[in-house]
Protein chains: 2
Amino acid sequence: MSDLLERLRGRGWRMTAQRRVVAEVLGGEHVHLTADEVHSRAVAKLPEISRATVYNTLGELVSLGEVLEVSTDKRAKRYDPNAHRPHHHLVCAQCGAIRDVHPSGNPLADLPDTERFGFTVSDVEVTYRGICPNCAAA
Amino acid sequence: MSDLLERLRGRGWRMTAQRRVVAEVLGGEHVHLTADEVHSRAVAKLPEISRATVYNTLGELVSLGEVLEVSTDKRAKRYDPNAHRPHHHLVCAQCGAIRDVHPSGNPLADLPDTERFGFTVSDVEVTYRGICPNCAAA
DNA sequence: GCTCGACTTGGACTGAGTCCAATGCGGGCT
DNA sequence: AGCCCGCATTGGACTCAGTCCAAGTCGAGC
């Protein structure tokens with residue numbers, strides 16, 4: 001994910017240890033982390049990093065479009081580093097597990113003009129809900 | 001919306017002034033209220049009603065399937081009394097306005113088996129985002 | 001009209017996130 | 001290399017939405 005760092009530098013970001021750490025955490029294997037999870041993983045690499053900085057950095061990454069905010073769960077926002085490949089989410093109603101999915105078809109096209117009420121529609125967010133195999137077995 | 005009250009009675013609900021008021025508020029013209037908005041409207045009709053009761057009642061209505069919880073906005077859950085006609089939401093990214101929409105086609109069908117990872121998928125939630133005419137004009 | 005248990009109350013509590021004034025430090029300039 | 005400016009970070013207080021709980025209330029079946 002050092003290409004992410006490159007892109008950020010290119011956008012005039014001042015490169016600080018904290019931002020590097022947050023970017024690294026998002027680049028790791030775990031997807032869909034909450035802000036607090038990002039923070040605690042970041043603390044492991046850079047003990048003095050503060051919660052506020054993690055929130056700031058995540059917010060900036062989101063507004064740059066490098067990271068996606070998903071709120072499948074009602075408790076906390078989650079951050080999805082996989083922002084460059086459009087995808088949707090499949091959530092287990094029981095355990096909260098999240099998977100990325102790629103439906104066929106474009107739901108944007110399913111919204112007829114008569115149902116747009118003059119809005120300029122730019123984005124769709126689709127969340128499928130169900131029971132994951134683990135929870136079904138239990 | 002007194003048919004709602006009927007249905008609730010039929011399900012063994014004890015009919016209290018508080019529950020009646022909450023049901024009335026949801027039956028009014030306003031849709032997509034937050035819990036706090038429901039509470040303040042309820043207080044107008046029944047000053048002693050407590051926040052806890054409003055939350056309880058909303059929660060019960062949701063689990064009975066009479067009301068839908070929507071979380072388009074990251075701040076607070078909103079409650080949508082229009083639970084009996086399946087629909088999705090169109091949200092203004094600027095002012096937060098919400099409209100109900102009825103897309104053609106069923107997004108559930110767009111999720112191929114290969115993308116279900118063994119989940120039993122039972123529900124989809126679609127949120128369209130864009131700019132409403134008002135905000136576009138401003 | 002009594003009684004019992006479901007319902008309500010309100011205040012304390014939690015968890016997620018935001019704000020802000022003081023301080024630190026990246027990096028362009030010389 | 002060293003300075004300096006201003007962007008970034010810090011941490012602690014604060015807000016906002018929602019949950020919890022023990023005590024008190026009251027709907028409705030008998």
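Worth knowing before you read on, the calculation uses all heavy atoms, side chains too, and leaves out hydrogens, waters and symmetry mates.
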What is the distance from [atom1] of [X] to [atom2] of [N], rounded to the nearest Å?
X     : N      : atom1 : atom2 : result
A:H39 : C:dG15 : NE2   : P     : 16 Å
B:E60 : C:dT8  : CD    : C1'   : 11 Å
A:E37 : C:dA16 : CD    : P     : 9 Å
A:Q18 : C:dT23 : CD    : P     : 18 Å
A:D36 : C:dT18 : CG    : P     : 12 Å
A:E48 : C:dT23 : CD    : C1'   : 14 Å
A:E69 : C:dA16 : CD    : P     : 15 Å
B:R19 : C:dA6  : CZ    : C1'   : 8 Å

So do the side chains of [X] and [Y] get within less than 4.5 Å of each other, counting heavy atoms only?
X      : Y      : value
A:Y128 : A:V101 : yes
A:L90  : B:V121 : yes
A:D80  : A:D100 : yes

Listed once per pair and sorted, the salt bridge (charged side-chain N to carboxylate O under 4.0 Å, His left out) pairs that draw on residues 127-138 of chain B, sequence neighbours left out: A:E125-B:R129

All N/O pairs under 3.5 Å across the protein-nucleotides 19-23 of chain D interface:
| residue | atom | partner | partner atom | Å |
| --- | --- | --- | --- | --- |
| D:dT19 | O4 | B:R51 | NH2 | 3.4 |

Smallest separation among heavy atoms of B:C92 and B:C132, with atom names: SG-N, 3.4 Å

Hphob cluster co-occupancy, B:V67 + B:L8, side-chain heavy atoms under 4.5 angstrom: yes

Note down the inter-axis angle between the two ends of the helix from C:dG1-D:dC30 to C:dT30-D:dA1, five pairs each, to the nearest 10°. 30°

Partners passing ring-ring contact (aromatic ring centres under 6.0 Å, His included) against B:H89 (at least two apart in sequence or in another chain): B:H32, B:H87

The side chain to side chain contact (heavy atoms under 4.5 Å, CB included) partners of A:R19 (sequence neighbours excluded) come to A:W13, A:R14, A:T16, A:T57, A:E60

Options D:dA17, D:dT10, C:dT9, nucleotide nearest the side-chain atoms of B:T53: C:dT9

May I ask you to decide whether A:R51 forms a salt bridge with A:D36, counting only side-chain N to carboxylate O separations under 4.0 Å? yes

Ion pair check, B:R78 and B:E37, cut-off under 4.0 Å: yes

I'd like to know if the side chain of B:E115 reaches the main chain of A:H102, judged simply by a donor and an acceptor atom lying under 3.5 Å from each other, with no hydrogens or angles considered. yes

Each nucleotide N or O in nucleotides 27-30 of chain D that has a protein N or O under 3.5 Å away: list the pair and distance.
| residue | atom | partner | partner atom | Å |
| --- | --- | --- | --- | --- |
| D:dG27 | O3' | B:M15 | O | 3.4 |
| D:dA28 | OP1 | B:M15 | N | 2.9 |

